[in-house]
Amino acid sequence: MSGFLLRLWLPVVAWAALIFVLSSVPDLGTGLGGWDYVLRKFAHAAEYAVLGALLMRATGKPRLAFALATLYAVSDEVHQAFVPGRMGSAVDVAIDVVGMRLGIVLWQRTRARSLA
């Protein structure tokens with residue numbers, strides 16, 4: 001049974017750790033001017049889409065997956081407030097929420113098609 005739990009939760013923990021590491025970098029700017037902002041916001045949505053899908057896979061419960069991902073998004077922004085050169089942002093949490101919802105829905109649809 002522990003191997004089963006490990007297979008479900010190890011990807012979640014690894015992905016959350018990657019998000020934490022990236023949030024610890026003082027400046028993730030690309031030097032692309034206005035595109036930099038767009039790319040960073042897209043990255044926020046994409047990283048949380050993956051987290052939402054992984055949590056959906058692990059829990060099998062959309063509300064629980066959404067709640068856990070939302071709590072992680074908030075904690076990530078609090079963490080960034082303590083990183084020099086970074087700041088926590090409610091806008092980023094909102095973007096993360098959109099991403100995680102997309103990831104959860106895509107996981108559900110993919111799963112439903114594979115079971116049909």
Taking the side chain as everything from C-beta on, heavy atoms only, tell me whether Glu47 gets closer than 4.5 Å to Leu22. yes
Nearest 0.5 angstrom please: Trp107 CH2 to Leu55 CG, how far? 11.5 Å
Return the CD1 to CG distance between Ile19 and Asp76, rounded to the nearest 0.5 Å. 6.5 Å
Closest contact, heavy atoms only, Ala53 versus Gly103: CB-O, 3.6 Å
For a quick test of reading the model, state the closest non-hydrogen atom pair linking Gln108 to Pro62 and the distance between them. NE2-CG, 3.3 Å
Sub-4.5 Å side-chain heavy-atom contact between Gln80 and Met87: no
State yes or no: do Phe20 and Val93 share one hydrophobic cluster built from I, L, V, M, F, W and Y residues joined by side-chain heavy-atom distances below 4.5 Å, directly or via other members? yes
Is there a path of hydrophobic side-chain contacts, each under 4.5 Å between heavy atoms of I, L, V, M, F, W or Y residues, that connects Ile104 with Val98? no
Say whether Leu8 and Val12 are linked into one hydrophobic cluster, either directly or through other cluster members, by side-chain heavy-atom distances under 4.5 angstrom. yes
Where Gly52 and Ala65 come nearest, the two heavy atoms and their spacing: O-CB, 4.3 Å
Would you mind checking if Lys41 and Asp92 are paired as a salt bridge, meaning a charged N to carboxylate O distance below 4.0 Å? yes
What side-chain hydrogen bond (donor to acceptor under 3.5 Å, both in side chains) pairs are there with at least one residue in residues 3-20, not counting sequence neighbours? none
Does any part of the side chain of Pro11, heavy atoms only, come nearer than 4.5 Å to the side chain of Arg57, both counted from C-beta? yes
Side-chain (Ser114) to main-chain (Arg111) donor-acceptor, under 3.5 angstrom: yes
Could you check whether any side-chain heavy atom of His79 comes within less than 4.5 Å of a side-chain heavy atom of Ser24, counting everything from C-beta outward? yes
Transitively linked via ILVMFWY side-chain contacts under 4.5 Å: Leu106 with Leu64? no
Whether Tyr72 and Tyr48 hold their rings parallel, tilted or perpendicular, with breakpoints at 30° and 60°: tilted
Does the side chain of Asp96 reach to within under 4.5 Å of the side chain of Glu77, using non-hydrogen atoms? yes
Distance, nearest 0.5 Å, that separates CZ of Arg101 from OG1 of Thr70: 10.5 Å
Report yes or no: do Val105 and Met100 belong to one cluster of Ile/Leu/Val/Met/Phe/Trp/Tyr joined by side chain heavy-atom distances under 4.5 Å? no
